[in-house]
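In what follows, a structure is listed as structure tokens, so that the remarks can point back to it.
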Amino acid sequence: MDVEALAVVPMRKSKRSEVVQRRIRRPFSVTEVEALVQAVEKLGTGRWRDVKLRAFDNAKHRTYVDLKDKWKTLVHTARIAPQQRRGEPVPQELLDRVLKAHAYWSQQQAKQPLKQQSETCRLL
DNA sequence: ATTAGGG
DNA sequence: CCCTAAT
């Protein structure tokens with residue numbers, strides 16, 4: 001499959017041009033964004049591992065870190081003028097849902113960072 | 001191995 | 001995407 005999805009490039013910012021391999025660029029499709037938004041609306045912004053399993057379990061090249069990063073750019077994209085956005089345009093409908101979910105989970109995360117319930121329960 | 005943020 | 005400190 002995409003086993004050779006790595007790019008051999010000169011190590012940036014290095015005196016001696018060493019050579020390192022980085023993953024190739026894979027712009028998120030609107031379909032992927034839809035899946036990501038759907039998952040975050042349900043799971044929130046503090047459980048990217050679960051978001052990965054829920055919506056990208058079969059996308060070997062999308063790690064939970066990638067999904068976290070994509071969400072960051074989506075929130076930014078939703079906030080800038082449509083004219084300064086790049087790539088295949090993301091439906092405004094999705095961008096609206098991004099801001100909505102971001103606002104909701106933002107406060108939800110501030111209240112209870114979830115996870116480690118055992119830790120919390122033990123202390124209560 | 002994950003989370004969370006800056007690079 | 002990468003890098004990585006803190007869990």
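Hydrogens, waters and symmetry mates play no part in the numbers below; they use all other heavy atoms, side chains included. A note on names: the letters A, B, ... follow the listed sequences, proteins ahead of strands, and every chain is numbered from 1.
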In whole angstrom, what separates [X]'s [atom1] from [N]'s [atom2]?
X: A/Leu53; N: B/dT3; atom1: CG; atom2: P; answer: 10 Å
X: A/Asp50; N: B/dT2; atom1: CG; atom2: P; answer: 10 Å
X: A/His102; N: B/dA4; atom1: NE2; atom2: P; answer: 13 Å
X: A/Asp66; N: C/dC2; atom1: CG; atom2: P; answer: 7 Å
X: A/Gln21; N: C/dC1; atom1: CD; atom2: C1'; answer: 14 Å
X: A/Leu67; N: C/dC1; atom1: CG; atom2: C1'; answer: 13 Å
X: A/Lys68; N: C/dC1; atom1: NZ; atom2: C1'; answer: 10 Å
X: A/Arg47; N: B/dT3; atom1: CZ; atom2: P; answer: 9 Å

Subject >> Exam field: side chain A/Trp105 to backbone A/Val40, donor-acceptor pair closer than 3.5 Å >> reply: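 Confirmed, A/Trp105 side chain pairs with A/Val40 backbone.
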**OP:** Look at the side chain of A/Lys52 and the backbone N and O of A/Ala59, then say whether any donor-acceptor pair between them is shorter than 3.5 Å.
**Re:**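 Side chain of A/Lys52 to backbone of A/Ala59, a donor-acceptor pair under 3.5 Å: yes, one is there.
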Original post:
Does A/Arg62 make a cation-pi contact with A/Phe28 (under 6.0 Å, within 45 degrees of the axis)?
Top reply: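 Yes - A/Arg62 lies over the ring of A/Phe28, closer than 6.0 Å to its centre and within 45° of its axis.
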Subject >> Selection from C/dC1, B/dT3, B/dG6 that lies nearest to any side-chain heavy atom of A/Val65 >> reply: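 Among the listed nucleotides, the one closest to the side chain of A/Val65 is B/dT3.
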Original post:
Do A/Arg97 and A/Glu34 sit within salt-bridge range, that is, some charged N less than 4.0 Å from a carboxylate O?
Top reply: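 Salt bridge: yes.
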Original post:
Can a salt bridge be assigned to the pair A/Arg23 and A/Asp66 using a cut-off of 4.0 Å between side-chain N and carboxylate O?
Top reply: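 Salt bridge: yes.
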Subject >> Within residues 69-79 of chain A, residues whose heavy atoms come under 4.0 Å of DNA chain B >> reply: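 Listed by number, they are A/Asp69, A/Lys72.
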Original post:
When hydrophobic residues are tied together by side-chain contacts of less than 4.5 Å, even through go-betweens, does A/Trp71 share a cluster with A/Val30?
Top reply: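 Cluster IDs for A/Trp71 and A/Val30 match.
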Original post:
Heavy-atom count around A/Gln107 CD within 6.0 Å, excluding the residue itself: above 12?
Top reply: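 It does not: A/Gln107 CD has 12 such atoms or fewer within range.
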Reckon [X] has a side-chain N or O less than 4.0 Å from the OP1 or OP2 of [N]?
X: A/Arg23; N: C/dC2; result: yes
X: A/Arg62; N: C/dC1; result: yes
X: A/Arg22; N: C/dC1; result: no

